[in-house]
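Structure first, then comments.
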Amino acid sequence: MIRSGSIGHYKKILHFQTIRESSTPWNIRLRELAKEGLFREGLELYCQMLRSGVFPNVFTFPFTLKSCAALSLPFSGSQLHSHVVKTGCESDPYVMSSLISMYCKCSLVGNGQKLFEQSPQPRKLTVCYNALIAGYALNSQFTNASNLFCRMQRTGVAFDDVTMLGLIRICTLPMHLGFGMCLHACNVKWALDTNPSVGNCLLTMYVKCGSVDHARSLFDAMPKKDLISWNAMINGYAQNGLATHVLDLYQKMELSGVDPDAVTFVGVLSTCAHLGAHSVGRDIEQQITRKGFGFNLFLTNALINMYARCGNLTRARRIFDEMQEKSIMSWTALVVGYGMHGQGQTAVQLFDKMLSTGILPDGAAFVSVLSACSHAGLTEKGLEYFSQMDRYYGIKAGPEHYACIVDLLGRAGRLQEARELIASMPVEPDGAVWGALLSSCKIHGNVELAELAFEHVIELEPTNVGYYVLLSNIYSEVEDLDGVARVRVMMRERKLRKEPGCSYVEHKGKVHLFLADEKRHPQTKEIHRMLDGLQDLVNETDVWKQNPKKKSEGIHSEKLAIVFGLLNSQSGAEIVVMKNLRVCGDCHLFIKVVSKIVDRKIVVRDASRFHHFRDGLCSCNDYW
DNA sequence: ATAGGGTTAG
């Protein structure tokens, strides 16, 4: 393995002027290694080349510099820079652009900039401008990049499609989307005909700005779609939480004969994780194994995440244990999994083990462990972590951490403390923070505080129907019918309709989605027949008759999903229903009784923390 | 034979 610094030892060799072996075969091998992504091997070969007394030339450095950039080894990179100077290659514009790019990718934009400015004007070719513009883009320096582009035009240096790629990349914030759309307008021809990269880059820009619809129309309009186009679109949907679109597009991709690669699977797996689509995910894993992608860190982490969120912690753990190189993503994904499935102790132990391994936690890692503590009722432990965040690790708590702690205190019944914590927050509380307080008020039946939390949460997220439903349920639990009516009026005034609640069950690699009163499912008749039968049985039981809280509910989506599960799963297997708890009404008692009657375990999992529902609801006919 | 650039996880 190459250590940064080791390249320096060979500098002396470069002084000797003897007859030398040709560098050509070495350069060719270097090119091959770079192409295969074997960057460490490439750098080792370079050292070997110097040891053998072979002189590097202008064809050598681009490959080695690329390796330093890819591995983010600025020290080795700057040593290569000195080799470039020693061998007189610095006057070569291509080597210079490689150097600029290397510095920028190692976050040393200043060095790249200095190099660029020091070089005389005639030597600054388009590639040099491109390298620096891309470097600015990589380091989110919007103004510098656009200024350099202006300067390029003033100086009369031609720009090309690669210049455009750099410029488009800086428009990933909604505030810059206007500029990006101008670039799109100017580049229609390139984007569509010549170079799919430009289209892919524009597509990603739209996705990152949240304009998925723009991205999709561009995608549909591209005549030359390559693998990366498909990946960009699939991952775009995945990042914006449009689960059905991801699976839909993935299917279309397979049909159109494009071979998915590791990047494709990362997006699809993340969607499976959010949907709890365990068997789709397992299917993907088999494909991955067949294709031999097993060693990709991104992919392995995506797999762990998928299994962990789907509740298959044994499998997630096994993949995790077998990894030779773990990243913070791997640990966090597993902590999230244990936390989600009620194994808070294990989550905490794992998090502590991560710390003892020397991995520094980041903000997201703390979110995972804090939420695990809150779900498992490990209140003190959670508060301890929270206090350590800034003190030991210098991580400032964001609203997402406060939301966890409010939830933690709230579940423990410490509502006043939760409220005081919100008041003391150095950052503005967001909807999730007040929402957590509101949910806690529902658990503990605190109407007064609920009203306060509701006022705030509605100000921040006026169109989030879930909160209205939550408050209405709080009122109805204390039989405050005026309250319920007030919420109804408020919703009507704001033209908000309660989104139909939805539930789904996974069966044989397909996700079957049900709305309340859903009649479009192919098995509707059977389902209703069985549901009616069950309801009759339920009505006869003593538990049902004696419970004052029973309600004459309508046909909840989860009832349909449960019955579908009963009809289609093996006898004895547990029925897992995913449901957006915040929007759906409850039928706990019904489930409890049915579970006794049919002697099956029925698990209802909360899927509402995933914002994927809007999408699912729109296409309730999709079974895949 | 050399350059700059597009897609990926918690």
Ring pair (Phe, Tyr, Trp, His ring centres under 6.0 Å): which pairs involve residues 85-105 of chain A, sequence neighbours left out?
His81(A)-Tyr103(A)
For atom CE of Met306(A) and atom C1' of dG10(B), their distance in whole Å
14 Å
Go through the side-chain N and O atoms of Asp161(A) and Ser197(A) and say whether any donor and acceptor fall under 3.5 Å apart.
no
Tell me: CZ of Phe351(A) to C1' of dG10(B), nearest whole Å?
12 Å
Between dT8(B), dA3(B), dG4(B), which nucleotide gets closest to the side-chain atoms of Thr126(A)?
dG4(B)
Val263(A) has a side chain; which of dG10(B), dT8(B), dA1(B) sits nearest to it?
dT8(B)
Could you tell me whether Asp261(A) contacts a base, only the sugar-phosphate backbone, or nothing, with contacts defined as non-hydrogen atoms closer than 4.0 Å?
nothing
Among dT2(B), dG10(B), dG4(B), which nucleotide has an atom closest to any side-chain atom of Ala333(A)?
dG10(B)
Under the side chain to side chain contact (heavy atoms under 4.5 Å, CB included) test against Ile234(A), which residue among Thr271(A), Asp248(A), Val268(A) passes?
Val268(A)
For the pair Asp92(A) and Arg123(A), find out whether any cationic side-chain nitrogen is under 4.0 Å from an anionic carboxylate oxygen.
no
Can you tell me the distance, in whole Å, between the CZ atom of Arg216(A) and the P atom of dT7(B)?
19 Å
Would you kindly give the NZ-to-C1' distance between Lys105(A) and dA3(B), to the nearest whole Å?
11 Å
Pairs of donor and acceptor atoms involving the side chains of residues 348-361 of chain A, under 3.5 Å and at least two apart or interchain, shall be tabulated with distances.
{"unit_1": "Asp352(A)", "atom_1": "OD1", "unit_2": "Tyr385(A)", "atom_2": "OH", "d": "2.7"}
{"unit_1": "Asp352(A)", "atom_1": "OD2", "unit_2": "Tyr385(A)", "atom_2": "OH", "d": "3.3"}
{"unit_1": "Ser356(A)", "atom_1": "OG", "unit_2": "Lys353(A)", "atom_2": "O", "d": "2.8"}
{"unit_1": "Thr357(A)", "atom_1": "OG1", "unit_2": "Lys353(A)", "atom_2": "O", "d": "2.6"}

Any side-chain N or O of Lys66(A) less than 4.0 Å from the OP1 or OP2 oxygen of dG4(B)?
yes
Could you give the CZ-to-P distance, from Phe159(A) to dA3(B), as a whole number of Å?
23 Å
Base dG4(B) paired with Ser97(A) side chain (donor-acceptor, <3.5 Å)
no
Measure the distance between the ring centre of Tyr94(A) and the centre of the six-membered base ring of dA3(B), then answer whether it is under 5.5 Å with planes under 30°.
no
Within the 4.0 Å heavy-atom criterion, would you say Leu299(A) contacts the bases, only the backbone, or no part of the nucleic acid?
nothing
Is Ser101(A) side chain donor-acceptor paired with the dG4(B) base, going by distance under 3.5 Å alone?
no
What is the separation between atom CG on Leu125(A) and atom C1' on dG5(B), rounded to the nearest whole Å?
17 Å
dA1(B), dG10(B), dG4(B): which one has an atom nearest the side-chain heavy atoms of Arg31(A)?
dA1(B)
What's the closest nucleotide to the Ile228(A) side chain, out of dA3(B), dG10(B), dT7(B)?
dT7(B)
Interatomic distance, Asn27(A) CG vs dA1(B) C1' [rounded to whole Å]:
7 Å
Heavy atom of residues 314-326 of chain A under 4.0 Å from DNA chain B: which residues?
none
Base, sugar-phosphate, or nothing for Asn305(A), non-hydrogen atoms under 4.0 angstrom?
sugar-phosphate
Within the structure shown, what part of the strands sits under 4.0 Å from Ala308(A) by heavy-atom distance: base, sugar-phosphate, or nothing?
nothing
Ile284(A) CD1 - dT8(B) P separation (whole Å):
18 Å
Spell out yes or no: do the side chain of Asp161(A) and the base of dG5(B) have one donor N/O and one acceptor N/O closer than 3.5 Å?
no
Assess whether side-chain hydrogen bond (donor to acceptor under 3.5 Å, both in side chains) is satisfied between Asn301(A) and Ser327(A), documenting all intermediate values.
CA-CA 8 Å; Asn301(A) 289 340; Ser327(A) 74; 3.2 Å; yes
For the side chain of Ser98(A), counting heavy atoms from C-beta on, which of dT7(B), dA1(B), dA3(B) is nearest?
dA3(B)
Between the base of dA9(B) and the side chain of Ser270(A), is there a donor-acceptor distance below 3.5 Å?
no
On the 0 to 90° scale, with breaks at 30° and 60°, tag the Phe293(A)-Phe265(A) ring pair as parallel, tilted or perpendicular.
tilted
With a 3.5 Å cut-off and no angle check, do the side chains of Asn139(A) and Asn144(A) form a donor-acceptor pair?
no
Ring-on-base stacking dT8(B) with Phe298(A) (under 5.5 Å, under 30°)
yes
So what does Ala364(A) hit on the nucleic acid, given a heavy-atom distance under 4.0 Å: a base, only sugar-phosphate, or nothing?
base
Do the side-chain N or O atoms of Gln239(A) get closer than 4.0 angstrom to the phosphate oxygens (OP1, OP2) of dA9(B)?
yes
State whether a side-chain donor-acceptor pair under 3.5 Å links Ser229(A) with Asp226(A).
yes
